[in-house]
2 protein chains.
Amino acid sequence: MAGIKDVAAAAGVSVATVSRALNGHRSVSPDTRERVLEAVGRLGYRPNAVARSLRTDRTRTLGLVIGDVMNPYFTELARFVEEEARARGYSVIIGNADERPELQDHHIRTLLDRRIDGLLVSPADGRSPFAPGTRPPTPPVVLVDRWVPGLDVTVIRAEGASAVRDLVRHLRALGRRRIAVITGPPATTTARERVAAFREAIAAQGLHLPEAYVGEGDFRADSGRRVTEAFLDLPEPPEVVFATDNLMALGALDAIRSRGLRVPEDIGVAAFDDIPWFQHTDPPLTAVAQPVAELARAAVGALTDLIEGRAARSVTLSARLVVRRSCGERPAGPTPTNGPRRSA
Amino acid sequence: MAGIKDVAAAAGVSVATVSRALNGHRSVSPDTRERVLEAVGRLGYRPNAVARSLRTDRTRTLGLVIGDVMNPYFTELARFVEEEARARGYSVIIGNADERPELQDHHIRTLLDRRIDGLLVSPADGRSPFAPGTRPPTPPVVLVDRWVPGLDVTVIRAEGASAVRDLVRHLRALGRRRIAVITGPPATTTARERVAAFREAIAAQGLHLPEAYVGEGDFRADSGRRVTEAFLDLPEPPEVVFATDNLMALGALDAIRSRGLRVPEDIGVAAFDDIPWFQHTDPPLTAVAQPVAELARAAVGALTDLIEGRAARSVTLSARLVVRRSCGERPAGPTPTNGPRRSA
DNA sequence: ACCGCAGATGAAATCGATTACATGCGGGTC
DNA sequence: GACCCGCATGTAATCGATTTCATCTGCGGT
């Protein structure tokens with residue numbers, strides 16, 4: 001493979017000049033630059049990013065560690081993160097934690113070893129993702145979506161409380177009062193927040209939430225099914241199941257169907273995290289939608305700010321309720337609470 | 001950040017010895033090794049992968065370039081590829097081509113610049129993914145799923161022809177004779193193959209395929225909707241729509257529902273590429289399933305073989321038909337053609 | 001007592017780029 | 001005409017590891 005030396009030889013200049021010509025330095029005569037570029041083209045030379053990184057101590061690479069690639073929410077997040085990073089001249093290496101803390105640690109360690117310039121994490125559990133032994137996480141870190149309580153780093157997330165309030169109000173308006181919730185692993189902030197928001201909203205509507213209506217899942221479809229089955233076995237089953245994650249909502253849907261019940265006639269379903277698929281389920285699912293693209297953009301923006309020495313503040317965007325048909329038909333007339341609303 | 005020199009100083013040995021101790025060389029006295037390891041632990045030293053790669057000319061990294069991350073088939077493929085690679089001590093960098101050839105080229109270039117040890121590609125179009133200027137693709141390359149006709153590289157894929165035959169036979173057994181197909185971009189081998197297999201299967205069953213029953217999509221949901229709408233507008237609409245990709249199947253489902261038609265009573269739907277979501281749609285979708293995990297394993301296996309100097313042969317696994325309910329109820333009695341079948 | 005060999009270690013070259021410093025040269029200023 | 005400045009370029013140090021080659025030590029064989 002042709003190296004910078006070959007180019008230098010071919011162009012009859014020194015390696016320093018080649019480097020300067022390629023990095024757009026002033027003080028390289030147009031004539032020389034021309035010759036260098038010609039040689040580069042002729043040899044098909046491409047600079048070795050490894051060598052360059054060693055010298056400059058910058059990899060122009062961001063690490064992104066997410067809870068689960070197979071979760072469409074994260075897939076979408078990853079996609080937008082890469083897009084925004086690319087626009088800013090960075091590559092992204094994705095680490096899939098598969099919701100396993102030790103795998104998350106593995107990826108973070110690997111990414112740090114590769115000297116990525118910055119790290120974006122959506123922590124799988126409540127522990128600091130910087131295991132002991134990982135000294136001051138050298139590169140800047142930004143947390144997305146999920147965060148870690150005592151950890152003082154920039155966090156980019158969406159608040160869902162008001163959308164959850166909207167959801168409960170919407171359900172109430174449809175005449176549904178017995179609402180059950182499937183929570184995520186209590187170790188994640190998102191799970192705790194969503195349940196808290198839900199409890200509050202229930203109380204605000206003057207409704208009651210028996211403990212039997214709170215079931216713990218793990219952000220996977222199977223757990224949604226399991227928990228929903230328990231709900232259906234209750235002497236007084238709920239009228240709506242609210243899953244705090246999209247995969248668990250799917251599981252809920254399965255459990256309900258396998259009992260021969262109909263959605264929304266017999267029981268309603270709602271989910272946190274809206275994903276393209278929800279338009280295609282039958283019935284289309286009512287969900288709380290996070291502004292994923294904006295989250296991704298804000299996160300990459302904050303991270304690159306930190307990398308390039310600027311300050312970065314935490315940002316909280318707002319989620320919104322997307323009403324579809326899985327909780328029952330909307331009563332006639334305009335419903336002021338669920339039009340598309342811009343996030344902050 | 002602590003470097004190997006600091007460790008050497010702390011342990012009272014030379015950098016060479018530290019390196020040897022860490023890389024498990026023989027001829028390092030147990031005593032010295034001990035001291036080195038202690039110093040490493042105390043300083044929290046982690047070797048700089050960039051420097052190491054520069055010297056050894058190996059990054060222990062694989063590149064994976066796929067058509068579209070948001071397509072669950074590829075997401076799953078990526079997930080298994082990473083898993084298998086990790087088991088073999090490699091990391092994976094994913095490049096999302098978004099079905100755009102120029103973006104694919106961008107990713108391949110970037111990956112080569114980073115001196116990945118090997119490249120896994122599922123080419124977005126029929127062109128060689130090695131644009132002019134990219135001289136002999138230095139690292140070994142393996143194509144997965146999709147391939148490029150004149151290009152002589154190892155290909156790991158699944159043949160769907162027999163499963164498509166099974167599908168058509170199945171449809172026929174359910175009494176459906178007018179079957180339409182939504183194809184992918186003709187530039188991809190997979191699209192061409194699938195249609196060819198379908199035409200053959202139709203002929204083998206003595207059925208007829210009018211050209212109006214062949215619509216071209218682009219592997220995205222929207223195109224599925226558009227093409228299906230055209231089918232439904234036909235004076236004699238098809239009894240079944242076969243989408244040669246999962247996303248387009250979703251689009252088809254939407255188009256059908258928005259006309260108020262029922263699946264499978266009014267019209268059946270089948271898809272190529274089975275994904276977990278298809279169990280949760282209503283009705284669950286009948287699909288041709290590729291052995292994704294096996295494909296991923298075989299691909300990574302072949303690639304690491306090449307990287308480590310061994311030979312690698314192309315492999316063709318076989319897809320199988322998964323019958324669900326989207327094309328009509330199975331007639332009573334055992335249907336021999338659709339039990340779970342192992343791939344080759 | 002001497003030779004040779006193996007084991008343990010260190011000094012220094014090396015990978016391919018960037019960049020601080022040095023050099024040479026031409027032109028403007030007084 | 002001497003001086004200085006800045007442009008264009010080259011020489012060589014540098015980044016942090018691995019690895020070749022050299023050195024040293026001790027021990028067994030004769």
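Letters go in sequence order (proteins before strands), and every chain restarts at 1. Being a predicted model, the structure only gives us computed values, none of them experimental. What you see below is based on every heavy atom in this structure, not just the backbone, and it leaves out hydrogens, waters and symmetry mates.
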In whole angstrom, give the distance that lies between atom [atom1] of [X] and atom [atom2] of [N].
X: B/Asp57; N: D/dT18; atom1: CG; atom2: C1'; result: 12 Å
X: A/Leu43; N: C/dG16; atom1: CG; atom2: P; result: 15 Å
X: A/Arg58; N: C/dT18; atom1: CZ; atom2: P; result: 14 Å
X: A/His25; N: D/dC7; atom1: NE2; atom2: P; result: 14 Å
X: A/Leu54; N: D/dA13; atom1: CG; atom2: P; result: 17 Å
X: A/Tyr45; N: C/dA17; atom1: OH; atom2: C1'; result: 7 Å
X: B/Ile4; N: D/dT19; atom1: CD1; atom2: C1'; result: 12 Å
X: A/Lys5; N: C/dA17; atom1: NZ; atom2: C1'; result: 10 Å

Would you classify [X] as touching base, sugar-phosphate or nothing, given that sugar-phosphate means primed atoms plus P, OP1 and OP2, and contacts are heavy atoms under 4.0 Å?
X: B/Ser29; result: sugar-phosphate
X: A/Ser14; result: base
X: A/Thr32; result: sugar-phosphate
X: B/Asn23; result: sugar-phosphate
X: B/Thr17; result: sugar-phosphate
X: B/Val18; result: nothing

Run through A/Thr61, A/Thr59, A/Asn48 and flag the one making a side chain to side chain donor-acceptor pair (under 3.5 Å) with B/Arg114.
-> A/Thr61
Only one of A/Glu83, A/Glu76, A/Glu82 passes side chain to side chain donor-acceptor pair (under 3.5 Å) with A/Arg79, and that residue is A/Glu83
Side-chain donor or acceptor of A/Arg20 under 3.5 Å from a matching atom on the base of D/dG10?
->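 Answer is yes: a donor-acceptor pair is held.
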With no angle test and no hydrogens, is the base of D/dT18 tied to the side chain of B/Arg52 by a donor-acceptor pair under 3.5 Å?
-> no
Salt bridge or not for B/Arg109 and B/Asp105, using N-O below 4.0 Å?
->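 Looking at B/Arg109 and B/Asp105, the cut-off is not met.
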Answer yes or no: is there an ion pair linking B/Arg220 with B/Asp98, defined by an N-O contact shorter than 4.0 Å?
->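 Salt bridge between B/Arg220 and B/Asp98, a charged N being under 4.0 Å from a carboxylate O: yes.
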Upstream residue (5' side of DNA chain D) when A/Ser27 and A/Val15 are each assigned their closest nucleotide =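 The 5'-side residue here is A/Ser27.
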Between A/Ser19 and C/dA17, is there a side-chain N or O to OP1/OP2 distance below 4.0 Å?
-> no
Most 5' of B/Val13 and B/Arg55 on DNA chain C, judged by nearest nucleotide |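 Comparing both residues, the 5'-ward one is B/Val13.
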Just by distance, do the side chain of B/Ser122 and the backbone of B/Val144 share a donor-acceptor pair under 3.5 Å?
->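 Checking the backbone N and O of B/Val144 against the side chain of B/Ser122, a donor-acceptor pair under 3.5 Å is found.
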